[in-house]
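In what follows, chains are A, B, ... by sequence order, proteins preceding strands, each numbered from 1. All values below come from the heavy atoms of this structure, side chains included, with hydrogens, waters and symmetry mates left out.
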2 protein chains.
Amino acid sequence: MGDDTRLNPRHNKAEVFARLRDAHAREVTEDYVEMIGDLIAEEGEARSVALAERFGVTAATVNNTIKRLERDGYVTSRPYRSIFLTEKGETLAKKCRERHQIVYNYLVSIGVEPEVAEFDAEGIEHHVSEETLRVFELRLLS
Amino acid sequence: MGDDTRLNPRHNKAEVFARLRDAHAREVTEDYVEMIGDLIAEEGEARSVALAERFGVTAATVNNTIKRLERDGYVTSRPYRSIFLTEKGETLAKKCRERHQIVYNYLVSIGVEPEVAEFDAEGIEHHVSEETLRVFELRLLS
DNA sequence: TTTTAAAGTTAGTCAAGGCTAAATTGCTAT
DNA sequence: ATAGCAATTTAGCCTTGACTAACTTTAAAA
Ligand SMILES: [Mn+2]
Ligand SMILES: [Mn+2]
Ligand SMILES: [Mn+2]
Ligand SMILES: [Mn+2]
């Protein structure tokens, strides 16, 4: 005791922003593993050139990002070869794809145009907590 | 004609991500002008030290950001004095505060815990299009 | 009026995530 | 077999947004 938690039931604002910055740091990783998984499913393999085309960035940018993902244990890659997800990457990709789908479906279900939902879901997905996701799911089923 | 828009009714994925990166670039600006507005309303003035405390960053970081906001025409400031919103800053702050409130209220209205909604809204707000915001508003009123 | 603490600034560092330009590698068609 | 194109990598640059450490200014206490 002695602190003013009692007087101020609202958590510190700083906590909210710290968490926001955390979410930020994970966004690109999440979009990449999801996209790599999509490419493997759709085209049999994930090549740099396809990632660059889908994200609308240069090949050099993809290369940088893949190095980071590799460093962090999400993918493996060999020079001039295609990219593979590790177990860790696969797990994250699955979680992200499901979450993405729930957010997208939920937006459409409340009346957002599919095209608009596609834009918004790509950003919103990274900022939806497990709790909120469960609420979306629940409302979707009813 | 001549392009394959007809064959591929879905817009390019790259567009979605370009827009996401755009939203990203605006996030910090939006949170700052909103917070500066809050501080002026609540405490009469916006001091660096208060911004640093609320965002949970150092004074040096606030200083950098304020310089950028000033460069971009959202605020004015003089050394060792408090920070003011320009017309442009005020306009953006108002828009962001309203949007934030709608997102927060909507989340709570569908059953998300207020504490959780506070976290999620801080990130989601920056990725909600006008269209989706209107849907949230509409559902809120009914 | 002087001292001191708080607030603000400056300088220098770092990682992420973009870019361009140039070099390298792999693949395919001749 | 090899020439040439497409894919990939490398090098070097930039901005944002974070940090620490050291310095300066302001304002309050003594
Ligand atoms: Mn996604
Ligand atoms: Mn996304
Ligand atoms: Mn906000
Ligand atoms: Mn925010």
How would you list, by chain and number, every residue that makes a salt bridge (charged side-chain N to carboxylate O under 4.0 Å, His left out) with Glu53(B), sequence neighbours excluded? none
With Glu113(A) via salt bridge (charged side-chain N to carboxylate O under 4.0 Å, His left out) - residues at least two apart: none
Rounded to whole Å, how long is the line connecting atom CZ of Arg81(B) with atom C1' of dT26(D)? 8 Å
Name all residues meeting the salt bridge (charged side-chain N to carboxylate O under 4.0 Å, His left out) criterion together with Asp72(B); count only those two or more places apart in sequence or in a different chain, and write none if there are none. none
Which residue pairs satisfy the ring-ring contact (aromatic ring centres under 6.0 Å, His included) criterion with at least one member in residues 73-96 of chain A, sequence neighbours excluded? none
Tell me the interatomic distance from Tyr32(A), atom OH, to dG17(C), atom P, rounded to whole angstroms. 9 Å
Could you check how far CZ of Arg26(A) sits from C1' of dA16(C), rounded to whole Å? 15 Å
Tell me, please, which residues at least two apart from Arg19(A) pass salt bridge (charged side-chain N to carboxylate O under 4.0 Å, His left out). none
Taking side-chain hydrogen bond (donor to acceptor under 3.5 Å, both in side chains) as the definition, give me every residue that meets it alongside Arg134(A), ordered by chain and number, with sequence neighbours left out. Glu130(A), Glu137(A)
Whole-Å distance between dA16(C) P and Asp31(A) CG? 17 Å
What integer distance in Å separates Phe17(A):CZ from dA18(D):C1'? 16 Å
Please name all residues satisfying side-chain hydrogen bond (donor to acceptor under 3.5 Å, both in side chains) with Arg47(A), sequence neighbours left out, ordered by chain then number. none
Hey, is the side chain of Arg68(A) poking within less than 4.0 Å of OP1 or OP2 on dA15(C), counting only N and O atoms? no
Could you run down the sub-3.5 Å N/O contacts of the protein with nucleotides 4-7 of chain C?
none

Check side-chain hydrogen bond (donor to acceptor under 3.5 Å, both in side chains) between Thr58(B) and all other residues, then give those that pass, not counting sequence neighbours. Thr61(B)
Length of the line joining Asn63(A):CG and dA23(C):C1', which is rounded to integer Å: 13 Å
Got a sec, which residues hit ring-ring contact (aromatic ring centres under 6.0 Å, His included) with His100(B), two or more places apart in sequence or on another chain? none
Considering only side-chain heavy atoms of Val28(A), which listed nucleotide, dT10(D), dG18(C), dT20(D), is closest? dG18(C)
Degree of bending, the helix from dT1(C)-dA30(D) to dT30(C)-dA1(D) (end axes from five pairs; round to 10°): 10°
Taking only side-chain nitrogens and oxygens of Thr61(A), does any of them come within less than 4.0 Å of OP1 or OP2 of dG17(C)? no
Sub-3.5 Å pairs of nitrogen or oxygen atoms, protein against nucleotides 12-14 of chain D:
none

Taking any heavy-atom pair under 4.0 Å as a contact, classify Arg71(B): base, sugar-phosphate, or nothing. sugar-phosphate
Rounded off to whole Å, could you give me the CD1-to-P distance for the Ile83(A) and dA7(D) pair? 13 Å
Ser142(B) side chain to Leu138(B) main-chain N or O, any donor-acceptor pair under 3.5 Å? yes
Rounded to whole angstrom units, what separation is found between the NZ atom of Lys67(B) and the C1' atom of dT16(D)? 14 Å
With respect to Arg99(B), which candidate in Glu122(B), Glu34(B), Glu30(B) satisfies the salt bridge (Lys or Arg N to Asp or Glu O under 4.0 Å) definition? Glu30(B)
On DNA chain D, more 5' by nearest nucleotide between Asp72(B) and Val57(B) is Asp72(B)
What I want to find out is whether Arg54(B) reaches Glu43(B) closely enough, with some N-O distance under 4.0 Å, to be called a salt bridge. yes
